[in-house]
Every structure is written in structure tokens, then in C-alpha cells.
Amino acid sequence: MTQVESLAKYAARASFADLSAESRRQLPIHILDSLACCIAALGAGPVDACRAQVTEFGGTGPSTLIGGGQANPIYAAFWHTALVRYVDFMDNFLAPTETCHTADNFGVALTIADYVGGSGRDLMLAVALGYTVQSRLVDHANFMSSGFDHTSQLAFSLNAAAGRLLGLSEQQIANAIAMAAVSDASFAVVRAKPLSQWKGLASAQSALGAMNTLFLARRGVQGPLQVVEGPLGIDHLLRMKINIDWDKQGYEGVVESTIKKYNSMIHTQSAVHCMVELAGQNKIDPDKVVSIEADVFQLAYDFAGGGLYGVDKVIRIKEQADHSLPYLLAVALLDGNVMPAQFDPERIVKPDVQNLLKKVSVRPNHEFTEVYPNKMPAKIIVRLQDGKVIEHEVQDYPGLASHPFTWEDAVQKFDALVAGRVDKGLSGEIKDAARSVENIQVRDLMKLLGSVKAGQGTSSSRKVA
């Protein structure tokens, strides 16, 4: 068997009974977290452009859309993936040199579960399957360090999960994966500075391509099954052999995923948490700050501190701000938190944060790098004009896989993200549906989500204790 065929066999045989008790406990938490991110994205400019695209080209098909309306399942999957990804507040999987946004699989799982009239258990299985496949490709291969974006693995995970939901044969799933993998690879430059709006939409494009190949495979179209190990295949491009024994893999990807506490890129979570705690424990006059120094592990430095992926010298838009440690640490000190409110355009350009971010320096710490990803250490040093030095260090943050979110944590985050967008009654119904997802039908959940309307919300950049 080729790697794609072996993966297809693994996907086709998956059943709800394969999920551990811990997966079943954590899946509703991750589903609620993903729904919060979807709702929070409604009304954002680039997201509105995606909605216009769906309205024009997605038809009036059978798939209910979050935010109202209908579309065909291919464009519905595109829409829901754009929603869950855009705010950049969803969960992740961390490996020593690679990463991925596991919730990039959620929009497809939700859409196809709805399309087939599936149960909540079907949705849970698809989420678990997608998360696991993408995570295994992250920790068994070197896509990002070879110049490919982490959305490239979605060709495998999305079609594995959606193919299982559709009840496709092993061969159909294999062909769908092969066609998507050979056609929809994305380059890591999408994460390089200067960042653009495409950073938050690239995974939606992957979903669009994957669902197109999925339904073509269902119609009998065949793809290059040797896309991984064949001549000039992925093994060749990565200069390594991908050899995952799918017969020995479980479906526990969600247990390994980490949820974000703050609205910033995953590798900055502990540094932001460190600053929030430091600011909460000390009364600091920002005008008296001489410098802010941040010690972080290598990947945090590479992605957001000026390392491998460069640095945005001017911070003006959300996509730049949420991947800039200087901005994130400055706004965390000023506002006491980092949430969507901290990325309102008027907040980003205010003189207080623009002046303070210029005083932030970031450096990689070898000892911190050695213990990552099991721990995510960060240290902040604030130097004041009177000579006083304030230091604080953390080893992780609430949400790391070793310190997972509880249901109560997820509810608190959900409530914060949907405030001003969903009335209390509908919010309660969505939370109840997510918590009891094992016992519901996905179409009932989609009826609730279709009642959510786009809006600007009531976010505020006030300091949060």
C-alpha cells in the first residue's frame, strides 16, 4: 500500500467506539471553542469578502451556513473554515519544529456532518479523525521547515474525515486525498513578514480544493496514489521519507491539541500570559518604561520575535499585530489582556501601544527551547526610568495540552467572544448543544448557528483585570 492508501484504510475503518473517554470529554470543549471563533469572525472585512464569494458562487444548496443562508457543501466548507480560522484564536498542535491549527479541520467536519444528516457522534469522530491525521503529519514530517505551509497537510486530514462521513470506499478516499495533496500545497511564505490577510484565509482555500476533489472522487475520478513516495513526490520535496504506520494510530488528536487563552499566535501564548500576570501584579506607568525584554523559545522568536519569518517594522493591521511579540507584549501591559478588542484598527494605531512596542526586544533562550513543546517557558523583564527592574517567568499557560481547558474555561472564552453578537438565549442553546453533542443531530445545531447574525459586537479595549 502507498501512504495515501494506508491512510484511507485508517480513515474508512474509524468508528465512534475507537474514541477514548478522554477524547469524548475534550471534544465538546474543542467544538465549543471552534464555534466561538466562528461567531467572532462574522463581520470582519476579509470574512465579508468570503461571504460575498459564497453568495455569488455557492448557490442555494443544502448546507446551512453559520450566520444564515444556504450553499453547496463545497462553498459551505470554505465559509466555515474561513470563520474558524480568521480571528486566529483556535486550537493548535505543537511539535518541536512544526505546528498546525488543528481546528482548520472543524469547518469541513461540521459542513459534511450536516450534509449527510449526521449525528453529533459523527461530528465528534470527524473532528477527532481530522485532528489526528494532521497532527501525525506534523510530527512525522517537516513541511514547514521545508518551505511548505501547515495548511498543506489539510489535503490529507480534511478528505480523511469528510470521506469517512460520506461513507466513501477506501479507494475513493485515497484518490480524493491524492488529488488534493498533489494540487493544493501551500507555501510557508504565507506566514512570513510582512503578513497579509491571506494568513487567515489560506486554510479555507485548502478546504475548497479538498472538497472539490472529494466529490470528484465520489464520482470515480482517480488521482496519483503515489503522491507521497512516488518519483518527485512529497518525500522528494521534503528530502525525507514519510513512513507513518496508520494501522497503529489511534484517534486521539484532540487530546494532544492546545487551546489558546489569548488572541495571539500559538507560540506567543506563554509570553503574553507572563506579561498579563506581571501587569496584574505590579502597577506600572507605561510612560516610565525604558525597555521590555522577552526571553522565549526558538519557534516563538522565529514566528513573532524577528527570527526566521522576519519582522513587521510597521504594525497597522490585525494580521501583523497578532503575530508580533512587540505589539502583543505592549498591548498586554497597557490593557491587561489580549482579546479581539486589542486588534480593533483604532486600537492598533493608538500612540500608546505604537510607542511602547518600540521598546520591546525579543531573544531566543536555549534552555527554554530545550523543554519545548512539553513546556512553553517565557520570561519578561521590564526596566523603568527610576532604575527599578521587574521580572516574571512562567513555564506554560492555561490551555497547553499539559494544562488543558476545562468546560468552564471554554464557556468563559465563548461568552467573551460572542458577547454583543448572540443574545443570551441563543448563546445558551449553542452551549447546551455543544456540551451534549453526543446526543444531538448536527442539523439541529446548524439551525441554531444559522440564526447567528454578523455584527460588530460590543468589544472594548478597556483594561481587563
Side-chain angles (χ1 to χ4, degrees), residues 1-12 14 81 85 90-109 126-164 170 173-188 190-191 202-203 205-207 209-210 213-214 223-230 233-258 266 299 373 401:
M1 278 190 172
T2 65
Q3 274 287 297
V4 163
E5 289 173 310
S6 180
L7 169 56
K9 179 182 177 182
Y10 161 84
T81 306
R85 176 65 181 83
M90 76 292 210
D91 54 27
N92 292 73
F93 174 75
L94 302 172
T97 61
E98 306 274 320
T99 189
C100 70
H101 286 288
T102 36
D104 277 339
N105 294 278
F106 177 74
V108 163
V127 170
L129 183 53
Y131 275 44
T132 306
V133 172
Q134 191 180 19
S135 299
R136 292 294 73 76
L137 286 163
V138 166
D139 61 17
H140 282 77
N142 59 343
F143 280 86
M144 293 200 77
S145 53
S146 298
F148 292 92
D149 189 39
H150 54 63
T151 54
S152 297
Q153 298 99 315
L154 292 173
F156 299 84
S157 60
L158 295 180
N159 278 336
R164 172 63 184 82
E170 292 178 18
I173 295 174
N175 281 306
I177 292 170
M179 289 186 285
V182 80
S183 303
D184 296 323
S186 182
F187 301 128
V190 74
R191 313 288 158 196
S203 57
Q205 180 69 25
S206 298
T213 66
L214 181 77
L225 298 178
Q226 73 282 15
V227 61
V228 174
E229 57 275 274
I234 293 174
D235 283 352
H236 169 79
L237 293 172
L238 302 186
R239 293 177 173 81
M240 67 172 291
K241 184 175 179 58
I242 299 176
N243 187 19
I244 302 172
D245 187 349
W246 290 105
D247 284 338
K248 295 182 178 179
Q249 302 302 318
Y251 301 90
E252 300 299 292
V254 71
V255 176
E256 302 168 335
S257 292
T258 179
I266 187 62
L299 280 185

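Listed by chain and number, the residues in a side chain to side chain donor-acceptor pair (under 3.5 Å) with Ser135 amount to none (sequence neighbours excluded). Residues passing the side chain to side chain donor-acceptor pair (under 3.5 Å) test with Ser152: none are found, sequence neighbours excluded. Residues satisfying the side chain to side chain contact (heavy atoms under 4.5 Å, CB included) criterion with Ala103, sequence neighbours excluded, are Ser34, Val84, Met90, Asp91, Tyr131. Under the rule for a side chain to side chain donor-acceptor pair (under 3.5 Å), the partners of Ser157 that lie at least two apart in sequence or sit in another chain are Asn105. Tyr10 meets the ring-ring contact (aromatic ring centres under 6.0 Å, His included) test with Trp246, Tyr251; sequence neighbours excluded. The side chain to side chain contact (heavy atoms under 4.5 Å, CB included) check on Ala126 picks up Ala109, Ala161, Leu165, with sequence neighbours excluded. Applying the side chain to side chain donor-acceptor pair (under 3.5 Å) test to Thr99 and every residue at least two apart in sequence or in another chain returns nothing. In terms of the salt bridge (Lys or Arg N to Asp or Glu O under 4.0 Å) criterion, Asp247 has no residue partners (sequence neighbours excluded). Contacts of Glu256 classified as salt bridge (Lys or Arg N to Asp or Glu O under 4.0 Å), with partners at least two apart in sequence or in another chain: Arg136.
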Start with the C-alpha distance between His150 and His101, add both sets of side-chain angles, then the distance that settles side chain to side chain contact (heavy atoms under 4.5 Å, CB included), and finish with yes or no. CA-CA 8 Å; His150 54 63; His101 286 288; 3.6 Å; yes
Worked check of side chain to side chain contact (heavy atoms under 4.5 Å, CB included) between Phe148 and Leu237: CA-CA 10 Å; Phe148 292 92; Leu237 293 172; 4.0 Å; yes
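Atoms CG and OG1, from Leu158 and Thr151 in turn, are 10.0 Å apart once rounded to the nearest 0.5 Å. Note that the CG atom of Asn92 and the CD atom of Gln134 stand 9.5 Å from one another [nearest 0.5 Å]. Put simply, CD on Glu5 and CD on Gln226 are 9.5 Å apart, with the number rounded to the nearest 0.5 Å. Between Asp235 atom CG and Gln3 atom CD the span is 8.0 Å, to the nearest 0.5 Å. Note that CD of Glu229 and CD1 of Ile242 are 9.0 Å apart. Values are rounded to the nearest 0.5 Å. Here the straight-line distance linking atom CD1 of Ile244 with atom OG of Ser6 works out to 9.0 Å at 0.5 Å rounding.
The minimum heavy-atom distance linking Pro96 with Leu299 is given by the pair O-CD1, 3.4 Å. Here the closest heavy-atom approach between residue Thr132 and residue Gly253 is recorded as OG1-N, 2.7 Å. In terms of heavy atoms, Pro373 sits closest to Ala95 at CG-C, 4.1 Å. Of all the heavy atoms in Asn142 and Ser145, the pair that sits closest is CB-OG, 3.2 Å. Across all non-hydrogen atoms, the minimal contact from Ala160 to Ile173 is CA-CG2, 4.2 Å.
Within the structure, salt bridge (charged side-chain N to carboxylate O under 4.0 Å, His left out) contacts touching residues 95-107 (residues at least two apart or in different chains) do not occur. Applying the salt bridge (charged side-chain N to carboxylate O under 4.0 Å, His left out) rule to pairs touching residues 144-160 yields Asp149-Arg191, sequence neighbours excluded.
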Show every donor-acceptor pair shorter than 3.5 Å between a side-chain atom in residues 175-188 and any protein atom, with sequence neighbours excluded, or say none if there are none.
from	atom 1	to	atom 2	distance (Å)
Asn175	OD1	Gly223	N	2.9
Asn175	ND2	Gln171	O	2.9
Ser183	OG	Met179	O	2.9

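Taking 4.5 Å as the limit, every side-chain heavy atom of Val254 sits out of range of all side-chain heavy atoms of Thr102. Under the 4.5 Å side-chain criterion, counting only non-hydrogen atoms from C-beta, Val138 is not in contact with Phe143. Counting heavy atoms from C-beta on, the side chains of Val133 and Leu7 come closer than 4.5 Å. Side-chain atoms of Val4 and Phe156, non-hydrogen and from C-beta on, do get closer than 4.5 Å to each other.
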